[in-house]
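First the structure, in the form of structure tokens, and then the observations on it.
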Amino acid sequence: METAALVAPVTALEFLNNAFLLTGEGPVLQVYSLHPRPKACASLNVLQHFRIHGIRPRRYATVPAESCDAGAYRKKKPELSSSTQSNLFDLAVFGGKSVRLVRLHVDLQDGGYLCLEILGPLMQLQDWALDARWLSGDNHSLLCVAVAHNSALLLDVVTGTVLSQHSCLEGCLLYSALLLVHNSWADTVFVGGTVFNQLVLWKPGGGNDSENKASVERRLHGHSGVIFSISYLQEKGWLASASDDRSVRVWNVGVLGGPGGKCGDLNPACLRVLYGHQARVFSVHLSTEKVFSAGEDGACLVWDWAGGGKVVQTLKGHRAGGVRALAISKVTGDKERWVATGGADGGVRLWRVKETEERKEEMKETVTEKLTDLMFPGQGTPKVVCIAGEENANWTQSEFVVCTDQGTVYKYSAWQWEIIWQGPSEFQSYCVMETVSISSKESTAKVHLCAVGNLSGSIHVFPISHPQSGITLSGGSGKIHSLIWQEQGESVCLLASGAEGLVYRWCIEVKSKENCSLVLVVSPLSSFLLPPCAKRWLTAAVCLHSQLQENLWVCGDRRGSLLLFQEEKAHLQKKKDDGEAGDLFLTGTEKAKVEQNESDGNQINTIMKQRETKEVNDLRLQPLSCLFGVHGKQGVTSVCEYHGLLYSTGRDGCVRVFRVQPTPPENLEENRTGKPVEKNGNFQLVILRVQRACKGMEWLERVLILKSEIPEEEEFTYEETTEDKGKESRFVIVGFHAVHFVVWDPVRQERLLAVPCGGGHRSWRLWPSNRGVWPGYGALVFIKKGAVLASHLPGEEPNGAGRAGMTGGLILREGIHGRGIGCVCRLGKITVAENDLQTTGNMTEVEEIEEETQEGHWEVVVTGGEDTSLTVLAIQSNSGSIKVLSVITDHISSVRTVTAVTSKMGDSENQSQSISALLVSAGGRAQMQCYRLSIGWDRQRLVPSCQVIQVASHRLDEQWEKRRNRHKMVKMNPETRYMSVVVVDKATDCVLIALGCSDGAVRLFSVSEVKRQINLLWESFYHQRCVLTVATCSTEADEGNRYKLLFSAATDGKIAVWNLTEALSSANDASAPPIPCLSISAHQSGVNSLAVWTDKPGQKEVGCLVTVASGGDDGQLTVSRIRLQFPETGNISEPLSFLETPLQPLNRLQLHLHAQSHVPLAHAAPTTALKLLRPGHLVSTSSDQRVCLWRVFSTGISHRRTLFSHVADAAGLAVWEEQMTQEGEGDKKWKTTFERLESRQEKDLWFNKDMETVDGAKGGETVEAMSETSEPVCKTCDEKGNDGAGKSRDQRDTDSLATTESEVNTDMALEACESRKKKKTETGLLLVCGQGLQLVRVRNTEKEAKASVGRIK
């Protein structure tokens, strides 16, 4: 058994010579190379089951490199010759109660090749290690370690022995410690942060008594909470401390440490008290000019010391859970430094901070407060601002136009304002303005058009470069509410929303004359008529150019409705053809005009154009489809289209993803009211899903499409195919959050940009526009209190929000859930076709490494967490790579349970396999969500992609509001939680699901994807206590009758069995809920998980046996075997047990408790999850961080294996099996990248109860932990079976098989090494979720399984 993938809180970070970043994630040490671009290079399991909390490097001289046998690396490297030069770094890695010495090899000739080697044993201490430092004057490997009870140890990390131990007279508990060492032990100064909110300074080498105890030299008071982190700046004699009281204090302590072990000033003064974090502060670092702090609020604050201790920069990119680790690099020659943060979400972020940028920001309060006043000089008050320029133009070349309440339009260009158009009196006091860029037919240069509307229905359109060429259009006699430009090739369409719900439209083209002047050619189009409502004007529109002759328009109005219009071009074309054929009939007035102007041959053409214009104006198009009020009463703010899907935003805080599809003929006349989609024509609008922004962000303005996430160095030419159509793209949300203008990433759950503009109800423009690729940075221009402000001066390049240096940072490792993961569901695997892997003939080593990660398949899982989100993940077990495909944030409370009905598609050899799943999630506030997930292969990014379609949602309190006579009923408790969900039956038109609820009810729902509804069929309050888990089982009688059983368990320790056969047959009828058939007492307290399967009966046995395994709060594992007696075969003759209670009459399906087995101490804590790997094989997990494998027999339960999991507070578990044949070179497929990174040390964490160990342990005994000197011995054999005992005990993991003492002896390892290539291996995969996630591979050959059965018998 080995770990295939791991995501855990990052608890340690350390820079190495500004070239590498060392991270500690659980017990795994990982190395990232920072040049030429950051990437993961090597990884190794160092501390077994302890978390890494600190890494202390020490460099050795350049030496000839030798073969690295114990290392772990991403790519196999040829043997290093004696002439190859290598840098060696010794790393002291500590965490928990352990310390270990690791050596890092860096090849100077190939900086991309790294190797990690374990040098010493795992030293297990008697106390928690808080800090460790190398003695600088020591030529040996001596390490000074600070432990939690105010003591210091001197260790020899090579031999693992304690040379000396000194304690303070105050043996209080410490939360943090800092060691200041010099040449010897006598020069060391110990700074400890106590639980009594104090800092104590003492000298470990200063004790004179026989017990080696020293007195406190200095004591610092001031904090009102425990102290989590301490940092010392030797250049200035400053000491910084971070506390639970949300503050950072900086002390002037003077010189600490050095020759003689100085303890600084007698009365240290507190120089600064820095308050700025919203929660506890976990880490603090000092530099010559800045203070860096990070805390539980997920922010890393940069404080300016010279500027009065103000926050000059906020680095925030992690999800909920906070920043657990912080590292600051040294300032390089180009005045830059790296800042790295590690979060509780398992993510690692990296920022590149320039020293010059820090000095520029000394005088401002925060980064977001940097606003520039463009010094508008005109008369009147600015009302509207627009960007006049190309969408892809550089920010430094951008121009703005501003319209005032006096009807004057100004342009800002090259730091100068100028008047470009002075409107007449009717344009004063009110005006609306919009701009657009269009190409002229005679020129490739862009022409910028501006349209201004007023109260009397007039619209003036003019080129910004030639205002004198403007024209005036009429949009009725009332107020022009809004203007919208829509590009259509070489022309643009202008929409003006006037009075009485009329939307006037014109097609405008720009032509150039010989004298370089511009002419606007205007063609009227038929108007739109909006449905009657209170706020009847248009706010957004987009044109869909379909393959049909008619163009489709999707519009949004101020009432919050989405409308679909279809242009009627066929009628106008017929009229035009009839006119050309000579069928011209003139009225009397028209004939008189022709007779008066006989010399003018164009009079007839003029009359025809006027007639055509009148016919167009008289033609008013009605909407084909209407989603009335879908965005609430505050209106739709934007609608855009990309790759066949439409995205709309509104002031309800939601982004709706929808599409236009033809209306099925059979549904054209059905259910015109009461449906979420109204169908009045041949097309309809169908909403796929709803994406909410962050909490409190209700005013949304638009979405920005992320066209590609591929870095510039990795981009390749990719042709868009029809498969890309209809796939949802990555996007970010633009809107207002309180007083800030915010760009929000819903997948990474972070802000990309925040500008304090004062909130909504103001004119603004964002660069880049919504059609540009959002590169992670931007600038905002807006109007506030009569001033035109910009977040960045147009002459400056805006800082990158996604680049190193600003919010977001470079993502070295992507985080998942910031809080605990409560449930997980596996959907299936995506197999990558060979033709989808785009390779070249001469790839670099890094490209070959990335190519390895693309091979094989991806496991797709869905996790739900306490952060109220669902995350769709793709995990590659061969490389340990994890990709976030989608994040769903529709739940308003924590997600407690999730299940899915899946189906696979595309099994042909030339296609990548895809998955379609109906996902149902449930949790707090009695809320249930249903989605259709389509997972396929993205050929552009070479990773799986996910399309989410929202099917339906359901809440009990919403259903209560719809009931009749509800005033006579007790209102539904809004705090009801759904604890567990299971699929009961899958019918042709619906899916039936059962849920266990906290109010004591078992509820049955039907989910109809066609009707997009979730209906409650029945509910039963039999348990009268919180129902914690539900499970189902199907069985079939000899006569062919099928029976469906439902098992439910509550907090009283009892399991109820329900016969749902008759209830399912009448699911559509309002029948009374059934009653349980049997009740079994299984636990002393709550039952948290159930696993059910059926066994085939013997030849002489009657009925069927059903096995129910349960795990509860009492830590017990119970297996109950139930005998089913079908009505066709008579009644059960066995006597009843006192543990069972029959509840059904004798003429029904009879159930009887046949046998029951217990394992009283299966776990040392409540069993949180129990899953069935295969019939008879169970996997359980608990908050004691153990994953146990059990074998169930007819006579009892056998414990097989145990793993110390790296995931704390394990709550979710998913298990599945896969098969793979190993032979020859194909065996390398099993040696996964993460497996190589893990080394041999993790394998001594696995215990086999049925096998004897090499050191003579008896069978059946479980070795709980390894001693300090009992290091696991790893034997290797090559492909020919030769013993490799002469090599180091930590051998390189290529094609060999390593075994440990706690598993099998050497002979068994040699036999397995020779035979494994020829066997088919049945592999189980376990995914444990809690405070992170861990994917574990369990291998079991057929021979091994048979041998295990033989030993048990």
Side-chain angles (χ1 to χ4, degrees), residues 11-12 14 22 24 26-29 44-58 90-103 118-135 138 140-181 185 188-195 200 202-205 207 211-214 228-230 325 1185 1204 1206 1208 1241-1242 1244-1245 1263-1272:
T11 52
E14 188 72 26
L22 311 176
V28 178
L29 174 65
L44 184 67
N45 188 325
V46 175
L47 295 187
Q48 296 184 359
H49 54 277
F50 292 105
R51 283 185 178 179
I52 298 175
H53 284 278
I55 308 165
R56 301 292 180 259
R58 181 183 184 183
D90 279 357
L91 310 176
V93 183
F94 65 92
K97 296 183 178 181
S98 63
V99 181
R100 196 162 219 167
L101 178 61
V102 180
R103 176 164 291 177
I118 292 180
L119 296 184
L122 180 66
M123 294 168 283
Q124 295 195 11
L125 311 177
Q126 300 300 318
D127 205 351
W128 301 95
L130 299 180
D131 192 20
R133 302 287 171 175
W134 296 97
L135 291 182
D138 175 55
H140 304 285
S141 299
L142 296 184
L143 189 71
C144 186
V145 180
V147 292
H149 282 82
N150 216 1
S151 299
L153 308 176
L154 185 62
L155 300 180
D156 187 338
V157 292
V158 175
T159 61
T161 57
V162 179
L163 303 180
S164 178
Q165 180 174 358
H166 293 261
S167 301
C168 182
L169 287 175
E170 293 189 6
C172 59
L173 184 65
L174 304 180
Y175 269 52
S176 59
L178 175 65
L179 288 171
L180 302 173
V181 299
W185 174 256
T188 302
V189 174
F190 189 111
V191 184
T194 71
V195 295
V200 294
W202 59 280
K203 297 175 60 176
E211 297 181 358
N212 290 329
K213 290 190 176 182
F228 291 121
S229 179
I230 307 171
Q1185 292 192 232
F1204 287 107
H1206 307 322
Q1241 276 64 46
E1242 184 178 298
D1244 57 58
L1245 302 179
V1263 182
E1264 294 296 334
M1266 304 297 292
S1267 64
E1268 293 183 13
T1269 58
S1270 179
E1271 183 69 10

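In what follows, residues are counted from 1 in the order of the sequence shown.
For Trp128, there are no ring pair (Phe, Tyr, Trp, His ring centres under 6.0 Å) partners two or more places apart in sequence or in a different chain. Legend: residues meeting side chain to side chain contact (heavy atoms under 4.5 Å, CB included) with Thr194, ordered by chain and number and at least two apart, are Cys172, Leu174, Phe196, Gln198, Val200. In terms of the ring pair (Phe, Tyr, Trp, His ring centres under 6.0 Å) criterion, Phe94 has no residue partners (sequence neighbours excluded).
Among all heavy-atom pairs drawn from His53 and Ala12, the shortest one is C-CB, 3.7 Å. Closest non-hydrogen pair, Arg133 versus Leu178, comes out as NH2-CD1, 3.6 Å. Across every non-hydrogen atom of Ala214 and Trp202, the tightest pair is CB-CE3, 3.8 Å. Annotation for Thr188 and Cys144: closest pair CG2-SG, 4.1 Å, computed over non-hydrogen atoms. Listed here is the closest heavy atom pair of Leu135 and Arg58: O-NH2, 4.0 Å. Of all the heavy atoms in Asn150 and Glu170, the pair that sits closest is ND2-O, 2.8 Å.
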* I would like to know whether Phe190 and Cys168 meet side-chain contact (heavy atoms from CB on, under 4.5 Å); could you show each step before the answer? => CA-CA 9 Å; Phe190 189 111; Cys168 182; over 6 Å; no

* **Chi angles and distances behind the side-chain contact (heavy atoms from CB on, under 4.5 Å) call for Leu101, Val158** => CA-CA 7 Å; Leu101 178 61; Val158 175; 4.1 Å; yes

* To do: Any chance you could lay out the side-chain contact (heavy atoms from CB on, under 4.5 Å) test for Gln126 and Val162, step after step, and finish with the verdict?
  => CA-CA 11 Å; Gln126 300 300 318; Val162 179; over 6 Å; no

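Using a 4.5 Å heavy-atom cutoff, the side chains of Val147 and Lys97 are not in contact. Taking 4.5 Å as the limit, some side-chain heavy atom of Pro57 sits within range of a side-chain heavy atom of Leu91.
Put simply, CG on Leu155 and CD on Gln165 are 9.5 Å apart, with the number rounded to the nearest 0.5 Å. For the atom pair CG (Leu154) and CG (Leu143), the distance works out to 8.0 Å, reported to the nearest 0.5 Å. Rounding to the nearest 0.5 angstrom, the gap separating the CG atom in Leu130 from the NE2 atom in His149 is 10.0 Å. Atoms CD1 and CG, from Ile52 and Leu29 in turn, are 5.0 Å apart once rounded to the nearest 0.5 Å. Remark: Asp156 CG to Ser164 OG distance equals 13.0 Å, nearest 0.5 Å. Of the inter-residue distances, the one linking Leu153 atom CG with Leu125 atom CG reads 6.0 Å to the nearest 0.5 angstrom.
Within a 6.0 Å radius of OH in Tyr175, no more than 12 heavy atoms belonging to other residues, nucleotides or ligands are found.
Looking at Trp134 and Asp90, their side chains never bring a donor and an acceptor atom within 3.5 Å of each other.
A side-chain donor-acceptor contact under 3.5 Å links Arg56 to the backbone of Ala132. Proximity of a side-chain donor or acceptor of Asp131 to a complementary backbone N or O of Leu179 within less than 3.5 Å is detected.
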